[in-house]
2 protein chains.
Amino acid sequence: MTEPSVREAILTATYDALCEYGYTDLTAQAIADRTDKSKSHIFYHYDSVEDLVVDLVDFLLERFDEHAERMQSRPPIERLAAFVDWFLYGPDDAEQVAFHTALLELRAQAPYNDRYREQLRKSDDHLRDTLEEILRAGQESGDFREHDAAKMATMLVAAFDGARVRQLTLGRDEYLTDVRDAIADEILEGLLAEGVTFPDEFRSTDAPSRTDAATATATDADTATDSSCHD
Amino acid sequence: MTEPSVREAILTATYDALCEYGYTDLTAQAIADRTDKSKSHIFYHYDSVEDLVVDLVDFLLERFDEHAERMQSRPPIERLAAFVDWFLYGPDDAEQVAFHTALLELRAQAPYNDRYREQLRKSDDHLRDTLEEILRAGQESGDFREHDAAKMATMLVAAFDGARVRQLTLGRDEYLTDVRDAIADEILEGLLAEGVTFPDEFRSTDAPSRTDAATATATDADTATDSSCHD
DNA sequence: CGGGCCTGACTAACTAGTCAGACAGTGACC
DNA sequence: GGTCACTGTCTGACTAGTTAGTCAGGCCCG
């Protein structure tokens with residue numbers, strides 16, 4: 001893997017094929033077809049499709065890092081809102097949906113595959129730590145009341161993740177807004193210090209068509225996420 | 001499918017094979033091997049493996065129904081505790097873990113498979129509705145303070161589901177107890193009416209080895225769940 | 001003897017990974 | 001400048017392994 005552009009070409013093709021066919025139906029041929037090279041070319045650079053997928057996760061993680069750093073200077077409330085928006089992206093974002101659908105298949109293989117599990121842990125720790133850090137920053141700035149940031153982060157990530165998994169597997173888009181609202185009412189409301197409020201556009205009921213609010217709040221949040229492969 | 005015992009034999013074998021190999025590596029041969037009949041026998045009774053899996057979900061759902069009805073007479077607090085225990089079963093229960101690992105693979109296919117999705121919706125609605133009903137019962141009995149039971153049920157199920165998915169895919173058993181505790185502290189605590197408390201053994205920190213508390217509280221909860229196939 | 005239940009042997013499709021060799025660039029030597 | 005050898009990149013054709021589903025026929029029971 002001398003040329004980084006070769007790696008990028010293959011990984012981009014892998015990402016695209018993954019979005020189109022899903023993980024289960026991902027074939028070396030399908031990846032090659034989205035490249036101007038042959039199937040053998042892939043096996044020249046990677047020993048196996050598994051290797052390729054493992055490297056893809058790293059590749060996507062690098063992008064997420066870049067993004068996370070860019071957000072770090074914003075105020076905690078805004079960061080929290082952006083985090084929620086990013087995590088509970090709307091069902092309109094077809095690419096995100098397709099990618100996370102495939103990602104769920106990959107996650108479902110993790111119990112059987114040490115290397116996948118390791119990669120997902122890396123990516124997951126990152127996410128959870130980012131949220132915890134936002135919560136801590138909010139406590140320091142006085143925007144959030146005192147609470148156990150570690151516990152809260154764990155529970156919120158679980159709830160977000162659960163909502164996403166349920167939306168994908170059950171095909172019920174309501175889950176996203178329902179969970180978002182329930183979390184806003186039952187948890188985040190109690191999290192804010194006296195006199196502090198979320199930006200108006202946060203709650204989904206205030207912005208019935210998720211599209212508007214999402215593009216407003218999450219545009220630059222989305223561009224550098226773990227799932228955007230195209231610049 | 002005249003004989004119900006034939007159906008049961010095949011479905012039990014399917015369940016066992018699913019636990020052992022996972023959904024992805026589930027083969028008609030593996031199912032047949034756990035039967036005293038041949039592979040062809042399966043295709044005599046079912047048109048495809050997909051049909052078989054769809055029927056398995058129905059089969060497991062029937063069992064869950066029986067169980068849910070048996071619990072209905074208990075007090076709401078106890079039912080809620082049992083529900084949480086059942087949902088966040090400990091990592092010691094190897095069969096549960098194996099089954100839910102395979103189930104996750106199945107869920108991951110649901111976005112691509114209408115029939116699986118439909119089955120999972122049935123099973124999921126059941127679960128969410130059961131929880132909502134517990135919450136409503138608790139409000140009526142005065143054990144829980146007033147709240148939006150529908151929203152709360154949606155969010156709790158998402159959080160539970162998220163915790164379970166994360167435990168399975170990341171192999172981090174801490175997630176279960178962490179989320180359980182976080183939910184106990186941050187949500188359920190605020191849910192209880194004045195002077196009402198959970199049974200002592202509820203919190204995982206009070207019962208460090210989950211096994212004891214789990215077998216105590218959840219024994220009969222577990223026997224008839226969607227995942228126990230052996231009587 | 002007829003029909004439902006069941007089987008072994010088979011096929012058809014699919015795909016990860018291999019391999020022998022083509023090809024292009026590069027440097028070195030005449 | 002020409003040519004030869006070498007090396008790294010890339011390819012088409014192939015293999016080997018897997019498995020869902022089929023089918024002709026065997027067996028047993030009424």
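Reckoned from all heavy atoms, side chains included, excluding hydrogens, waters and symmetry mates. A, B, ... follow the sequence lines: proteins, then strands. Residue 1 opens every chain.
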Open item on the list: Would you say that B:H41 contacts B:V6 through its side chain, given a criterion of any heavy-atom pair below 4.5 Å between the two side chains?
Closed with: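 Sidechains of B:V6 and B:H41: in contact.
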Open item on the list: Checking contacts here: which listed nucleotide (C:dA16, D:dG21, C:dG8) is nearest the side-chain heavy atoms of B:S38?
Closed with: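 Looking only at heavy atoms from C-beta outward on B:S38, the closest nucleotide is C:dG8.
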How long is the line joining [atom1] of [X] and [atom2] of [N], in whole Å?
X     : N      : atom1 : atom2 : value
B:F43 : C:dC6  : CZ    : P     : 15 Å
A:H45 : D:dT11 : NE2   : P     : 9 Å
A:Y44 : D:dG8  : OH    : C1'   : 5 Å
A:Q29 : D:dC14 : CD    : P     : 15 Å
A:D36 : D:dC10 : CG    : P     : 9 Å
B:Y23 : D:dA20 : OH    : P     : 10 Å
B:L52 : D:dA20 : CG    : P     : 11 Å
B:D51 : D:dA20 : CG    : P     : 14 Å

TODO: Check whether the side chains of A:Y112 and B:E105 place a donor and an acceptor atom closer than 3.5 Å, and report yes or no.
DONE: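 Yes, side-chain donor-acceptor contact under 3.5 Å.
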- [ ] Answer yes or no: is there an ion pair linking A:R115 with A:D51, defined by an N-O contact shorter than 4.0 Å?
- [x]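 Counted as a salt bridge, because a side-chain N and a carboxylate O are separated by less than 4.0 Å.
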Open item on the list: Please classify the nucleic acid contact of A:L26 as base, sugar-phosphate, or nothing, using heavy-atom distances under 4.0 Å.
Closed with: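 The residue A:L26 makes sugar-phosphate contact but no base contact.
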Open item on the list: So B:S40, base contact, sugar-phosphate only, or nothing? Heavy-atom distance under 4.0 Å.
Closed with: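 Base contact - B:S40 has a heavy atom under 4.0 Å of at least one base atom.
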- [ ] Decide yes or no, distance alone: a donor-acceptor N/O pair under 3.5 angstrom between the base of D:dG12 and the side-chain of A:K39.
- [x]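 Under the 3.5 Å cut-off, the side chain and the base do not form any donor-acceptor pair.
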Open item on the list: Tell me every residue that passes ring pair (Phe, Tyr, Trp, His ring centres under 6.0 Å) with A:F87, counting only those two or more places apart in sequence or in another chain.
Closed with: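 Residues passing ring pair (Phe, Tyr, Trp, His ring centres under 6.0 Å) with A:F87: A:F83, A:F160.
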